[in-house]
Amino acid sequence: MLYNDDKNLDSVASSIDSPTADLSSMRGQLITFEGIDGSGKSTLAMMAADWLRARKIPVLSLREPGGTAIGESIRTILLAKANTAMCMETELMLFAAARAQLIREIIKPALAAGTWVICDRFYDSTFAYQGYGRGLDLDHISHLMAIATGGLKPDRTFLLDVSLDVAVSRLNNRPGKADRLDQEDAEFMKRTRDGYLAILAAEPDRLVRIDADLAENDVLNQITKCF
Ligand code: TMP
């Protein structure tokens, strides 16, 4: 963790319930939401942010790739269906570039000011999608992520783990046009999900597995229990 905060989420949350809590003296927490497409992660990231705001915690909600003018431009390039020529290495470095910008321009200043940051995707997505999904070398990705993040790690990561059947049925019912990254097949989704589970096994203290097959409110309950 780049900013050295030895308070865990439980102690922060319990002090917030206390009338004497001094929120201004607290450092912000970086909470990330991860999962394959169709896991419901974006909706739950918003619901969790609202839950924290209702408890008077200052929260900034961000998404990756994006969150800055440069990052949103990179997102447009990454998602454009016309960009069928994009090679895996270009894709990897564009995600890393958007993240580098977001961290320095928005996330680090917010955390330093005591704001909690809820980020819809972070570097675990790059390991899961570009590493496990596409098959790019995990050590190379680690080096690139070290440059992109400058060592910043999430305090807590919620992995919204959804079965492939449920994810596919949610994606089929989703309104709006599919983007370039929605064109992947079931095998890619499976490799990506397995990648997330491998990351969970490697870092059980940071990642929390959430059963995302359940209804939204049940998923939210699992998450808020960890705050
Ligand atoms: P979203 O659908 O959650 O907005 O994410 C956009 C797509 O980008 C989604 O298909 C996952 C993909 N993605 C990666 O492949 N690698 C990454 O590092 C990130 C942040 C997203």
Side-chain angles (χ1 to χ4, degrees), residues 30-49 61-68 70-84 86-103 106-107 117-138 140-149 152-154 157-162 164 167-168 170-196 198-199 207 210 212 219:
L30 175 57
I31 313 291
T32 59
F33 281 72
E34 295 282 357
I36 61 171
D37 297 66
S39 63
K41 132 202 91 49
S42 302
T43 306
L44 265 297
M46 277 190 282
M47 290 169 77
S61 294
L62 300 171
R63 71 168 177 184
E64 275 214 5
T68 64
I70 291 169
E72 291 294 331
S73 299
I74 293 173
R75 182 182 180 91
T76 304
I77 298 170
L78 276 164
L79 300 190
K81 271 174 108 175
N83 284 338
T84 48
M86 189 180 297
C87 64
M88 297 188 282
E89 292 77 6
T90 300
E91 182 182 281
L92 168 68
M93 287 188 274
L94 286 175
F95 280 119
R99 184 163 306 132
Q101 189 67 30
L102 183 65
I103 288 171
I106 308 280
I107 297 181
V117 175
I118 300 248
C119 203
D120 179 355
R121 297 197 180 282
F122 203 56
Y123 60 71
D124 295 313
S125 287
T126 310
F127 284 99
Y129 281 79
Q130 281 65 52
Y132 291 92
R134 300 242 188 267
L136 289 174
D137 185 275
L138 293 174
H140 291 171
I141 295 177
S142 289
H143 288 303
L144 187 59
M145 290 305 101
I147 297 170
T149 63
L152 180 67
K153 291 189 174 149
T157 297
F158 293 109
L159 171 57
L160 272 70
D161 187 38
V162 66
L164 295 178
V168 169
R170 283 182 190 158
L171 290 173
N172 288 340
N173 290 325
R174 191 176 274 183
K177 280 192 266 168
D179 57 45
R180 187 183 67 86
L181 294 160
D182 289 331
Q183 314 294 314
E184 300 302 336
D185 59 16
E187 275 305 306
F188 179 87
M189 280 179 94
K190 182 178 176 339
R191 286 196 301 278
T192 306
R193 180 179 181 227
D194 289 348
Y196 273 127
I199 299 168
L207 282 92
I210 301 292
V219 178

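One-based numbering, in listed order, for ligands and for the atoms of each. Treat the numbers as computed from the prediction; the structure is a model and nothing was measured.
A side-chain donor from one of E34 and S125 sits under 3.5 Å from a side-chain acceptor of the other.
Contact between E184 and ligand 1 is absent, with no heavy atom of the residue lying under 4.0 Å from the ligand.
Residue D182 does not touch ligand 1, judged by heavy-atom distances below 4.0 Å. Only the side chain of R75 comes within 4.0 Å of ligand 1, judged by heavy-atom distances. If you look at R99 next to ligand 1, the close heavy atoms, those under 4.0 Å, all belong to the side chain. If you look at E91 next to ligand 1, there are no close heavy atoms at all, none under 4.0 Å.
Taking a 6.0 Å sphere around CD of Q183, one finds it holds more than 12 heavy atoms contributed by other residues, nucleotides or ligands.
Residue contacts with ligand 1: D120 is placed with no nitrogen or oxygen under 3.5 Å of a nitrogen or oxygen of the ligand (distance criterion only). Remark: ligand 1 and K41 share an N or O pair separated by less than 3.5 Å (distance only, no angle test). For a threshold of 3.5 Å applied to N or O pairs, the pair formed by R121 and ligand 1 contains at least one separation below that value. In terms of polar-atom proximity, defined here as any N/O pair under 3.5 Å, S42 makes no such contact with ligand 1. In terms of polar-atom proximity, defined here as any N/O pair under 3.5 Å, Y129 makes no such contact with ligand 1.
With rounding to the nearest 0.5 angstrom, the OG1 atom of T43 is 11.0 Å from the CZ atom of F33. For the atom pair I31 CD1 and S61 OG, the distance stands at 11.5 Å (nearest 0.5 Å). The CZ atom of R191 sits 13.0 Å away from the OH atom of Y132 when rounded to the nearest 0.5 Å.
Here the side chain of R193 pairs a donor or acceptor atom with the backbone of V162 at under 3.5 angstrom. With hydrogens and angles ignored, the 3.5 Å screen pairs no side-chain donor or acceptor of D161 with any backbone N or O of I210. Using a distance-only test at 3.5 Å, with no hydrogens or angles considered, a donor-acceptor pair links the side chain of R170 to the main chain of S39. Between the side chain of R75 and the backbone N or O of P65, at least one donor-acceptor pair lies under 3.5 Å.
The aromatic rings of F188 and Y129 sit tilted, their planes meeting at an angle between 30° and 60°.
Among all non-hydrogen protein atoms, the one lying nearest atom 18 (O) of ligand 1 is T126 OG1, 2.6 Å. F95 CZ, 3.3 Å is the protein heavy atom nearest to atom 13 (N) of ligand 1. Nearest to atom 16 (N) of ligand 1 among the protein's heavy atoms is Q130 OE1, 2.8 Å. Summary of contacts: the protein heavy atom closest to atom 8 (O) of ligand 1 is L181 CD1, 3.3 Å. The nearest heavy-atom contact from the protein to atom 9 (C) of ligand 1 is D37 OD2, 3.5 Å.
Which of L92, L78, L79 comes nearest to atom 6 (C) of ligand 1 through a heavy atom is settled by distance: it is L79.
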